[in-house]
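Only one structure is covered here, and it is reproduced in the block below.
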Amino acid sequence: MRLRGTACAAAGLLLAVAMGCTGGAEDAAPATSPTPARATGERAAGERAAGESPRTALSPTPADPVSLQALMQREHTGSGLRLGEVLDRTSAYTRYAVTYEANGLTISGIMNVPEGDGPFPALVLAHGYIDPDVYVSGQGMPREQDRLARSGYVVLHTDYRNHARSDQDPDNDANLRLGYTEDVIGAALALRDSGRPEIDGDRIGLFGRSMGGGVVYNTLVVAPGLFDAAVAYAPVSAHPEENIDHFQRPEGDPLVTEIEEKHGTPEENPAFWRGVSPLTHADRVSDPLLIQHGTADDTCPLAWSREAAAAFQEAGKDVELRTVSGEGHTFGPKWAASMDVTEAFLARHLR
């Protein structure tokens with residue numbers, strides 16, 4: 001199932017975006033999903049005995065507005081992809097500054113367009129954590145941007161809200177940065193809606209690393225079927241509270257207090273924290289996923305990817321975890337070989 005123009009998230013979305021996994025050099029810095037209300041109402045009507053007075057269907061309990069379920073229930077929009085200034089020209093591709101609309105916000109980014117005859121399959125890139133105060137447009141995945149464009153993909157690297165020239169969302173940090181998931185969904189919809197001859201709107205993949213890997217998890221459960229395939233490199237934990245404890249609490253980040261005052265601690269409000277984990281909604285995933293993680297990663301522990309892959313596989317999903325011996329968080333000597341694996345995976349699903 002492909003979603004076009006708007007993504008009507010009817011039952012599944014989210015994973016709380018990891019709260020603080022910084023990348024390295026290139027980053028610079030079991031509950032099941034609830035039954036949809038419509039299905040519940042139709043079943044109740046069908047089971048009503050003959051002659052019984054019609055009943056008013058009970059309204060479902062509204063989802064917490066900060067939850068994956070709320071993102072699932074939202075009608076997502078993405079449009080208005082605009083190519084601006086030419087930032088670079090190479091023999092293989094042209095690099096543009098771009099903007100697009102996502103759920104009412106203008107989001108900036110960069111886009112590499114291959115030379116030659118299109119249309120080309122497209123990839124949305126979701127970068128790792130970089131302090132928005134120092135972030136510049138397109139920062140975060142330069143190796144991937146270059147290599148994938150040279151391999152014949154249109155590469156749209158989103159800046160996310162609150163970054164570079166994107167619109168501001170003052171509540172995003174306290175709301176576990178779930179807005180980044182909306183920005184990625186909007187990017188895919190804007191690509192599909194662009195009408196540009198160099199973009200094949202029927203072949204779109206997703207690639208995220210570190211915090212962006214968490215955004216990948218979110219997107220797959222929020223908007224299943226929107227992408228044809230997804231890749232996550234060295235992703236953060238699928239449990240937002242683990243990311244907070246690992247990255248923010250040891251640094252004395254005042255945002256932790258704000259988050260817990262607003263949403264409660266995991267002990268005080270376990271339902272909230274279950275609702276922002278993509279693993280709670282693992283049954284929603286429909287897109288093939290490749291996870292690559294180094295065994296020597298001391299930023300995002302490999303155990304996090306092992307747990308996520310096991311949960312998705314237990315739910316019967318097409319998920320593969322590739323461990324890369326000796327590699328750290330940003331990948332070094334074996335990066336090129338890992339990208340060979342990634343490109344083979346993408347080719348199977350997008351070529």
Exercise for the section: Could you check if a side-chain atom of Leu81 sits within less than 4.5 angstrom of a side-chain atom of Val98, using non-hydrogen atoms only? Expected result: yes

Problem - Within one Ile-Leu-Val-Met-Phe-Trp-Tyr cluster: Ile110 and Val124, side-chain cutoff 4.5 Å - result: no

Exercise for the section: List the steps and the verdict of side-chain hydrogen bond (donor to acceptor under 3.5 Å, both in side chains) for Ser137 and Asp159. Expected result: CA-CA 6 Å; Ser137 186; Asp159 290 334; 2.8 Å; yes

Handout entry: Cluster check Leu87, Leu148: I/L/V/M/F/W/Y, side chain < 4.5 angstrom
Key = no

Fill in the blank from the handout: residues 333-342 vs salt bridge (Lys or Arg N to Asp or Glu O under 4.0 Å), sequence neighbours excluded, gives Arg147-Asp340

Practice task
For the residue pair Tyr180 and Tyr160, categorise the inter-ring angle as parallel (less than 30°), tilted (30 to 60°) or perpendicular (more than 60°).
Solution key: parallel

Problem - Sub-4.5 Å side-chain heavy-atom contact between Asp167 and Arg161 - result: no

Handout entry: Cluster link Leu289 to Leu279, ILVMFWY, side chain under 4.5 Å
Key = yes

Practice task
Verify whether one side chain among His329 and Thr299 offers a donor that lies under 3.5 Å from an acceptor in the other.
Solution key: no

Exercise for the section: Decide, yes or no, whether a salt bridge links Arg177 with Asp173 under the criterion of side-chain N to carboxylate O below 4.0 Å. Expected result: yes

Handout entry: Geometric cation-pi criterion, Arg351 with Tyr153: 6.0 Å, 45°
Key = yes

Practice task
Please identify each residue that fulfils salt bridge (charged side-chain N to carboxylate O under 4.0 Å, His left out) with Glu241, with sequence neighbours left out.
Solution key: none

Handout entry: Ring geometry between His246 and Trp304 (parallel below 30°, tilted from 30 to 60°, perpendicular above 60°)
Key = perpendicular

Practice task
Verify the distance criterion only: is there a donor paired with an acceptor across the side chains of Ser166 and Ser108 at less than 3.5 Å?
Solution key: yes

Exercise for the section: Consider only side-chain heavy atoms of I, L, V, M, F, W and Y, link residues closer than 4.5 Å, and tell whether Leu255 and Met211 are in one cluster. Expected result: yes

Completion exercise
Residue pairs meeting ring pair (Phe, Tyr, Trp, His ring centres under 6.0 Å), one or both in residues 79-124, sequence neighbours left out, come to none

Problem - Result of checking Arg322, Gln292, Glu327 against Tyr233 for side-chain hydrogen bond (donor to acceptor under 3.5 Å, both in side chains) - result: Gln292

